[in-house]
Amino acid sequence: GPLLEARSVERSYGRTPALREASLSVTSGEVLAIMGPSGSGKSTLLHCLAGIFTPDAGEVWFGGRRLDTLGDARRSELRRTAFGFVFQFGQLVPELTAADNVALPLLLGRTGRRQAYQRARDWLRRLELEDLAGRRTGELSGGQTQRVAVARALVTRPKVIFADEPTGALDSLTGEKVMELLVGLARQEGTTVIVVTHDARVAACADREVMVRDGRVTDPYAGEVVR
Ligand code: ADP
Ligand code: ADP
């Protein structure tokens, strides 16, 4: 069955409806691109799937369990251990070095210092950032910061990676490399990747594309609501 599923999810901001009976199901190891116009509800859908937002109505399931009805503590635990996030804002601590930032999710768990920093350096190397390991992230460029954020999301070996415009701050070559890395993880390790993007080239790397229009998930080609 599906690994992650939204069933008729509704979510409003005050009186503004952002999702209207949005349904989506993602299988293990799948790379899914979520496309759609600005303001259509893509980010809200991603936040609901990731257990960051609670839907007003509908259900979210992860690994055969209801996610939306889990208590806050268990939902945070699940996010920390099973999910990785590549969002545009608020994930890195600018005063800390790149290595510190990437090691942090491991240090907050049960990984020892030595191993945490070793794994952090491994991921920084895979993103061609080894020379910047000792630099504070507040001093890095947008593209470098974005790649550190990718390393930070991957270091815990999450089951699902949620990415919101992960290549937005990257030049097209670096963006392509980041997508290749994410797709490679899906192929080699069965990591599920859900990526919100405006970039058709990014979407072309995915196994499947869906379109969000006016708070509903549709097939990008047929324009019909996905069930
Ligand atoms: P997308 O990611 O496709 O750009 P969003 O999920 O961010 O769309 O937004 C969907 C709708 O919800 C839009 O109409 C947007 O203006 C509204 N919205 C999003 N975030 C907020 C917020 N914090 N407060 C009020 N309205 C919001
Ligand atoms: P805790 O309650 O243990 O401090 P949180 O619930 O704040 O943990 O978040 C757990 C994990 O989920 C964080 O490590 C973070 O990566 C991710 N996360 C939570 N909320 C957001 C968010 N709004 N944007 C990006 N990542 C988030």
Side-chain angles (χ1 to χ4, degrees), residues 2-26 30-62 66-70 72 75-76 78-79 83-92 142-143 145-146 149-150 152-153 158 160-170 172 175 178-179 182-183 192-227:
L3 179 68
L4 185 61
E5 201 176 1
R7 293 186 191 160
S8 299
V9 166
E10 297 184 19
R11 165 84 195 199
S12 300
Y13 297 95
R15 303 181 69 166
T16 310
L19 294 177
R20 312 161 191 253
E21 299 203 6
S23 295
L24 179 63
S25 123
V26 191
E30 184 171 38
V31 181
L32 177 77
I34 300 178
M35 312 231 358
S38 181
S40 59
K42 302 181 296 296
S43 293
T44 306
L45 177 62
L46 200 71
H47 282 71
C48 286
L49 285 168
I52 295 168
F53 289 171
T54 307
D56 300 329
E59 301 175 356
V60 179
W61 290 75
F62 173 68
R66 274 293 281 277
L67 178 56
D68 56 298
T69 53
L70 276 185
D72 281 349
R75 219 149 28 124
S76 292
L78 191 69
R79 282 205 299 271
F83 295 169
F85 297 92
V86 187
F87 288 179
Q88 274 180 330
F89 305 105
Q91 43 198 340
L92 300 179
T145 308
Q146 192 92 321
V150 172
R152 187 191 189 280
V160 186
I161 294 166
F162 296 91
D164 199 343
E165 297 285 358
T167 60
L170 303 176
S172 57
V178 165
M179 271 316 285
L182 293 178
V183 172
T192 302
V193 180
I194 304 175
V195 50
V196 166
T197 184
H198 279 104
D199 188 336
R201 282 169 309 178
V202 169
C205 299
D207 298 319
R208 185 162 63 100
E209 289 172 44
V210 293
M211 186 76 83
V212 178
R213 282 198 189 91
D214 202 17
R216 292 185 177 85
V217 183
T218 62
D219 183 296
Y221 305 108
E224 284 161 3
V225 171
V226 174
R227 285 284 165 206

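For ligands, and for the atoms within them, numbers begin at 1 and follow the listed sequence. Throughout, residue positions are numbered sequentially from 1 according to the sequence presented.
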Exercise for review: Look at atom CZ of R201 and say whether more than 12 heavy atoms of other residues, nucleotides or ligands are closer to it than 6.0 Å.
Suggested key: no

For [atom], closest protein heavy-atom neighbour:
{"atom": "atom 7 (O) of ligand 1", "value": "S43 CB, 3.8 Å"}
{"atom": "atom 6 (O) of ligand 1", "value": "T44 OG1, 2.5 Å"}
{"atom": "atom 17 (C) of ligand 1", "value": "Y13 CD1, 3.8 Å"}
{"atom": "atom 4 (O) of ligand 1", "value": "G39 N, 2.7 Å"}

Review point. Aromatic rings F85 and F162: how do their planes relate, parallel, tilted or perpendicular, breaks at 30° and 60°?
Key: parallel

Under 4.0 Å to a heavy atom of [X] - the qualifying atoms of ligand 1, by number:
{"X": "P37", "value": "3 (O)"}
{"X": "S40", "value": "1 (P), 3 (O), 8 (O)"}
{"X": "A18", "value": "10 (C), 11 (C), 12 (O)"}
{"X": "S38", "value": "4 (O)"}

Review point. Is there a side chain to side chain contact (heavy atoms under 4.5 Å, CB included) between M35 and H198 once you walk through the steps?
Key: CA-CA 6 Å; M35 312 231 358; H198 279 104; over 6 Å; no

Study note, to complete from the structure: When rounded to the nearest 0.5 Å, the distance separating CD1 of I34 from CE of M211 is 12.0 Å

Check your understanding: Does any N/O atom on K42 come nearer than 3.5 Å to any N/O atom on ligand 1?
Key -> yes

Exercise for review: Ignoring angles and geometry beyond distance, decide whether G41 reaches within less than 3.5 Å of ligand 1 through its nitrogen or oxygen atoms.
Suggested key: yes

Check your understanding: Got I194 and L4 here, is their nearest side-chain heavy-atom distance under 4.5 Å?
Key -> yes

Exercise for review: Can you run down the salt bridge (Lys or Arg N to Asp or Glu O under 4.0 Å) pairs that involve residues 11-20, sequence neighbours left out, and say none if there aren't any?
Suggested key: R20-D214

Study note, to complete from the structure: From the list L70, L3, L49, V26, side-chain contact (heavy atoms from CB on, under 4.5 Å) with F62 holds only for L3

Review point. Does atom 15 (C) of ligand 1 have any protein heavy atom closer than 4.0 Å?
Key: no

Review point. Is the side chain of T197 donor-acceptor paired with the backbone N or O of A203 at a distance under 3.5 Å, no angle test?
Key: no

